[in-house]
Number of protein chains: 2
Amino acid sequence: MTRSLHHRAIENLGTRIVSGELPAGHIMLAEKLEDELSVSRSVIREAVRVLQSLGLVETTKRVGIRVLPPSRWNPFDPQVIRWRLASDARGAQLRSLAELRSAVEPAAAELAAQNAPAPLRLELVDVAHAMRDAGNKGEVPRFLELDIQFHSLLLSGSGNEMFANLMGQVAETLTGRTVHGLMPDHPHEAALQWHVDVAEAIARGDASAAREASDKIMRRTMSQMSETWTEQPRVFIPVHR
Amino acid sequence: MTRSLHHRAIENLGTRIVSGELPAGHIMLAEKLEDELSVSRSVIREAVRVLQSLGLVETTKRVGIRVLPPSRWNPFDPQVIRWRLASDARGAQLRSLAELRSAVEPAAAELAAQNAPAPLRLELVDVAHAMRDAGNKGEVPRFLELDIQFHSLLLSGSGNEMFANLMGQVAETLTGRTVHGLMPDHPHEAALQWHVDVAEAIARGDASAAREASDKIMRRTMSQMSETWTEQPRVFIPVHR
DNA sequence: GAGTTTTGATGTCTGCACACATCGGTGTCA
DNA sequence: TGACACCGATGTGTGCAGACATCAAAACTC
């Protein structure tokens, strides 16, 4: 199952740039890329255009295609995130996503309590209960699935399309947690109850209670994960101008 | 100062899609676009590739270039945001950004208090004081400039590249506020002090105080703006699968 | 209605002309 | 002689035109 050629070119170059194999400032020539990847100019040009829109490269006449520093990359682009998760920066990317998530979810819970459509509220309660059951029984795969569904519903119910868009990335962090063995066999009982609390608060439209319970979940999650991150270097993006 | 042709093609199509002039499901043919925009095939193809990576269109053989629904768009892409701000959905976009910002900034303040480099902390304090002065004197343009700089420094100081990347969009919401006449001539005195509180808490590494003060600012900002948004329809992105 | 053929649009490749930033040589002036 | 401004050569991206390949929708056959 191989996508189009230009898609493969994007993958190839994107992966190598994000991994650091092609460092910032490195200059590539379109012609070189043609025979390196054994594709035609049009394929390279289309790929470069996409990478350009992601902030990974810039083109200059008479110079070539220049790799840009990480501070110029679009950190919200799903492809960039995927490439970073597949690179040495996986830990830093997971931390960034977790921090974003822990900031957004309580806000999303608050908004969902105010705005979510009724059916979504009911589904959220159902999922929270099913989640608690699966957690208590130690059914880890089913628990993970329900966990992802719960948080997806929560973000979606906020009615903020940016929050909702984080669903995909959230799934990554949750599954990534299990891969790293950060998920206990039996999820914390209090945490399970907090999920139910969030759902029920949203169901009855209690915004501050929803935020509060969601905040508890996030604080616990962050403190769980923060231990493994202390060695990840932080990058400070300079404020331009 | 006109950018490259493909850039203009991206602008043209992106604007028309986001504005709704080209609705979801609408099908375009590359050949039609060529003479409509009076450019060659390669220009159209490169533009379509970029729009594809933004989730605005998809291409299907034997069918053409299909416009995708808003739920498929990447809501974090700066171009998409800019196009939405220029469309009828400007209000909804500003609300989304403000909600995101009010969720992220207190978290960023907390992180900055823990991680920001020393020079940045000092600069933050300076800016906060200058901001208070400018605000008390009613120097609105200078205040706005400092306001943007303050929040940029804050997000940058978090050491989370996703937070830092929101700087540009934040500037939009702040300037957008003045355009909409939502900015009083004399900023609220308490709010000015809260900015100083945030900066000083970060300077002395008091994470919870920094979050608290930042949260006050955000809550006040949100309550100020929320009145003008009540009529903006919310869009709920369905959770796929 | 299942399988096959036709068809039409995107996907890929190539040769060419042009724009233009960079570099190096040339000329001028002190 | 040396410093500096000018200017043309060179190389690389940008844009154009046309050909063929591919492949899935649609039409057709049985």
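Just so it is clear: chains get the letters A, B, ... in the order the sequence lines come, proteins before strands, and each one is counted from 1.
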Would the base of D/dT22 count as contacting B/Lys61 through its side chain, where contact means a donor and an acceptor less than 3.5 Å apart? yes
Salt-bridge test for B/Lys32 and B/Glu36: reply yes if a basic N is under 4.0 Å from a carboxylate O, no otherwise. no
Rounded to whole Å, please give me the gap between CE in A/Met28 and P in D/dG13. 10 Å
OP1, OP2 of C/dC13 versus side-chain N and O of A/Ser40: anything below 4.0 Å? yes
Tell me if a side-chain donor or acceptor on B/Trp73 pairs with a main-chain N or O of B/Val18 at a distance below 3.5 Å. no
Can you find a side chain N or O atom of A/Arg49 that sits less than 4.0 Å from OP1 or OP2 on D/dT14? yes
Whole-Å distance, B/Ile27 CD1 to C/dG8 C1', equals 13 Å
Checking B/Glu161 against A/Ser96: is there a side-chain donor and acceptor pair closer than 3.5 Å? yes
Rounded to whole angstrom units, what separation is found between the CG atom of B/Leu29 and the C1' atom of C/dG11? 15 Å
So does B/Thr60 get a side-chain nitrogen or oxygen closer than 4.0 Å to the phosphate oxygens (OP1/OP2) of D/dA25? no
Under-3.5 Å donor-acceptor pair between B/Arg62 side chain and C/dT7 base: yes
Interatomic distance, B/Ile65 CD1 vs D/dA25 P [rounded to whole Å]: 16 Å
Please report the distance, rounded to the nearest Å, between CD in B/Glu31 and P in C/dG8. 12 Å
Of the listed nucleotides (D/dG15, D/dT12, C/dT12), which one gets closest to any side-chain atom of B/Val43? D/dG15
Examine A/His129 together with A/His195 and report whether their ring centres are nearer than 6.0 Å. no
Which is true for A/Arg66 with a 4.0 Å heavy-atom rule: it touches a base, it touches only sugar-phosphate, or it touches nothing? nothing
Taken to the nearest whole Å, CD/B/Glu46 to P/C/dG11 is 13 Å
Length of the CZ-P vector between A/Arg3 and C/dT10, whole Å: 17 Å
Whether the side chain of B/Arg41 and the base of D/dG15 hold a donor-acceptor pair under 3.5 Å is what I'd like checked. no
Nearest whole Å is fine: how far is D/dT12 P from A/Ile44 CD1? 16 Å
Can you tell which of C/dT22, D/dG15, D/dT14 lies closest to the side chain of B/Leu5? D/dG15
When all nucleic acid strands are considered with a 4.0 Å heavy-atom cut-off, which category describes A/Ser42: base, sugar-phosphate, or nothing? base
Out of D/dG15, C/dT10, D/dA25, minimum distance to the side chain of B/His6 belongs to D/dG15
Heavy-atom donor-acceptor pair, B/Asp147 side chain to B/Phe143 backbone, under 3.5 Å: no
